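These notes are about the structure you will find just below.
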Amino acid sequence: MKNTFYVTTPIFYANDAPHMGHIYTTVLADIIARYHRMVGKETFFLTGTDEHGDKIIRSATATGKGPQAFVDANVLKFKELFSSLDISYDFFIRTSDQENHWPGAKAVWTKLVAAGDIYKGTYRGLYCVGCETFITEKELVSGKCPLHDTIPERIEEENYFFRLSKYTNEIREKIENGDIAIFPQARRNETLALLSNDPVDVSFSRPEGDIPWGIPVPNDNGQMIYVWCDALSNYLSALGFGRDDHENFDKFWPADVHVIGKDISRFHTVIWPAMLLSAGIPLPKTILIHGFITSRGKKMSKTIGNVVDPNQYIAEFGSDSMRYYLAREIPTTEDGDFTYERFVELYNANLANGLGNLVSRTLKMAERYFSGSVMKNTIGDIPLRTKLEKVSCVANGEGYGIPYVIDNMFLPAYHKSMESFDINGAMDEIWKIIRTLDGYIADYEPFKLIKTDKEKTENIIWGVLYGLYYVSSALAPVMPRTAGSISGFLRASLDKEGKPRAFKTESPSAPLFARK
Ligand code: MSP
């Protein structure tokens with residue numbers, strides 16, 4: 001079985017500072033990357049920026065900067081924010097990077113030409129700069145692009161076209177037979193409908209005179225590679241495709257999952273597979289399409305004035321709380337609302353009162369009753385085990401307490417959800433355990449039992465610590481700092497199989513999540 005895993009985010013337009021939508025895609029991809037590293041896969045996690053095209057030139061001109069200086073400044077903002085959110089990318093690709101990206105983009109173009117799929121023609125029609133795409137009259141709502149609420153520009157120009165129409169049947173077959181999986185099902189159906197609508201060939205270059213900022217078409221400096229063709233190639237170029245050092249390409253391609261938002265679905269489910277088929281390159285395995293983050297029910301936008309600044313939340317609540325909110329509260333494949341009120345509500349209920357409180361009172365009991373030293377003993381674990389089995393947190397299996405997280409015995413439903421990119425589902429599984437551990441303490445009242453039966457009390461505390469050990473492991477992809485803190489407080493020593501044998505706990509000096 002292939003033991004590598006390749007996950008990507010879209011590359012972000014470097015025309016402004018990053019916002020919540022960018023972070024959402026990136027946090028999802030980071031959770032997926034961290035999970036696959038945790039289960040032992042050699043993982044490559046790619047993110048980056050899309051720096052060419054009309055939109056960038058216009059924004060750069062408006063600020064009076066040259067395009068390179070302009071994108072350099074914005075890229076720093078992306079990198080800073082990603083770092084404060086603990087985004088564990090392995091490589092950050094920039095389409096203006098002539099050394100790392102251009103050879104790959106040009107190599108893809110050359111392959112499309114070699115396949116006979118690029119031809120010259122005249123494009124007459126409409127262009128939406130916001131989407132960086134040609135748009136048809138049919139797609140307009142009241143004469144405007146429905147996504148950007150702007151009137152598209154009418155252009156007539158000589159372009160190279162890509163013979164997309166040649167590949168649509170083949171792509172439909174590949175989607176139908178599962179060679180390319182599209183999540184969720186509704187988006188898969190949408191793609192299939194799109195493919196039966198007689199797709200036309202797409203313009204794949206723009207005249208250099210109009211768009212001077214981009215990658216010149218090989219052997220024709222009068223044309224620039226169309227920004228989407230340039231951008232999509234990043235998934236290959238970042239691995240060394242088109243360069244001498246292509247070991248990563250050999251090792252990691254095809255991508256296991258491209259994480260994208262619903263607005264760029266057609267590019268990834270139709271145009272990208274067609275390009276790959278034409279170039280003779282294997283297709284990505286999965287395309288995970290998420291919805292939009294809204295604010296008070298509306299898509300975040302500067303004009304509406306409902307844009308949320310992620311930095312403010314990270315400063316106030318910490319990066320893990322932000323990651324938690326996105327993973328738990330926003331439905332992975334639908335739109336989800338982001339409001340301060342809901343953030344505080346969830347933070348208090350599930351982090352401060354839920355997880356944080358469970359950790360702190362268990363540690364306090366461990367310290368007060370056993371000086372922090374809690375050993376495995378053999379009586380009384382059965383009620384906890386039964387409880388966890390009831391909420392399907394444990395698969396059938398022998399052994400003491402709760403089986404090991406990584407071996408799929410523990411939390412089978414968590415693994416199943418993670419494997420199928422259902423991040424919300426995986427989070428629910430973790431919180432089921434947290435609630436079960438809470439219920440266990442409530443039922444057995446170790447704080448009373450300690451007066452009459454120290455041995456049994458130790459056993460109960462042991463069970464909760466054991467459960468928390470696995471909670472922290474399962475949480476690690478989503479809340480890496482919290483997971484690290486919890487395992488630092490538990491200080492478990494492990495047996496030969498990697499299961500906790502004893503705890504030598506340490507109490508935190510401050511609560512994990514201070515109530516707001
Ligand atoms: N540059 C192209 C992608 C090229 S990939 C080969 C692009 N960039 S973008 O900056 O506009 O968007 C990047 C990602 O952010 C997309 O997946 C988009 O769906 C996502 N989001 C932008 N706003 C969003 C929300 N409000 N909510 C959730 N994600 C949205 O498209």
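Every number for a ligand or one of its atoms is a count from 1 in the order of the listing. Since the structure is predicted, the reported quantities are computational estimates derived from the model, not experimental observations.
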Donor-acceptor under 3.5 Å (Ser420 side chain, Lys416 main chain): yes

Distance from atom 13 (C) of ligand 1 to nearest protein heavy atom, with residue and atom: Phe12 CD2, 3.4 Å

Residue portion contacting ligand 1 (non-hydrogen atoms closer than 4.0 Å) for Phe267: neither

Contacting atoms of ligand 1, where contact means under 4.0 angstrom from a heavy atom of Gly291: 28 (C)

Contact (N/O only, under 3.5 Å) between Ala231 and ligand 1: no

The single option from Ile87, Ile32, Thr8 passing side-chain contact (heavy atoms from CB on, under 4.5 Å) against Phe45: Ile87

Polar atom proximity, Ile260 to ligand 1 (N or O, under 3.5 Å): no

Ring-ring centroid check Phe338 Tyr325, cutoff 6.0 Å: yes

Nearest protein heavy atom with distance in Å, relative to atom 20 (C) of ligand 1: Thr25 OG1, 3.9 Å

Tyr226 versus Asn159, side-chain donor and acceptor atoms under 3.5 Å: no

His290 near ligand 1 by a heavy-atom separation under 4.0 Å: yes

Residue portion contacting ligand 1 (non-hydrogen atoms closer than 4.0 Å) for Met20: neither

Ring centers of Trp228, Phe134 separated by less than 6.0 Å: no

Polar side-chain atom of Asp201 near backbone of Leu164 as donor-acceptor pair, under 3.5 Å: yes

Per-residue contact class, Ile293 against ligand 1 - non-hydrogen pairs under 4.0 Å: both

Phe82 and Phe78 aromatic ring geometry - parallel, tilted or perpendicular at 30°/60° bounds: perpendicular

Location of contacts on His268 toward ligand 1, heavy atoms closer than 4.0 Å: side chain

CD (Glu99) with more than 12 external heavy atoms under 6.0 Å: no

Selected option - heavy-atom contact closest to atom 21 (N) of ligand 1, from Pro18, Gly21, Gly130: Gly21

Ligand 1 to Asp50 polar contact by distance, N or O atoms, under 3.5 Å: yes

Side-chain donor/acceptor of Asn3 to backbone N/O of Gly40, under 3.5 Å: yes

Donor-acceptor pair between Ser88 and Arg37 side chains, under 3.5 angstrom: yes

Shortest protein contact, atom 17 (O) of ligand 1 (heavy atom only): Gly261 N, 2.9 Å

Closest protein heavy atom to atom 23 (N) of ligand 1, given as residue, atom name and distance to 0.1 Å: His19 CE1, 3.3 Å

Distance under 6.0 Å and angle within 45° of ring axis: Lys55 vs Tyr13: yes

Taking atom 31 (O) of ligand 1 as the reference point, the nearest protein heavy atom with its distance: Ile264 CG2, 3.4 Å

Tyr235 heavy atom under 4.0 Å from ligand 1: yes

Check: Thr95/His101 side-chain N/O donor and acceptor closer than 3.5 Å: no

Nearest protein heavy atom with distance in Å, relative to atom 2 (C) of ligand 1: Ile11 O, 3.4 Å

Atom 11 (O) of ligand 1: the protein heavy-atom neighbour that sits closest, reported with distance to 0.1 Å: Tyr13 CD1, 3.2 Å

Nearest neighbour of atom 18 (C) of ligand 1 from the list Asp263, Ile23, Leu326, Ile271, on a heavy-atom basis: Asp263

Heavy-atom nearest neighbour in the protein, as seen from atom 15 (O) of ligand 1, with distance rounded to 0.1 Å: His22 CD2, 3.6 Å

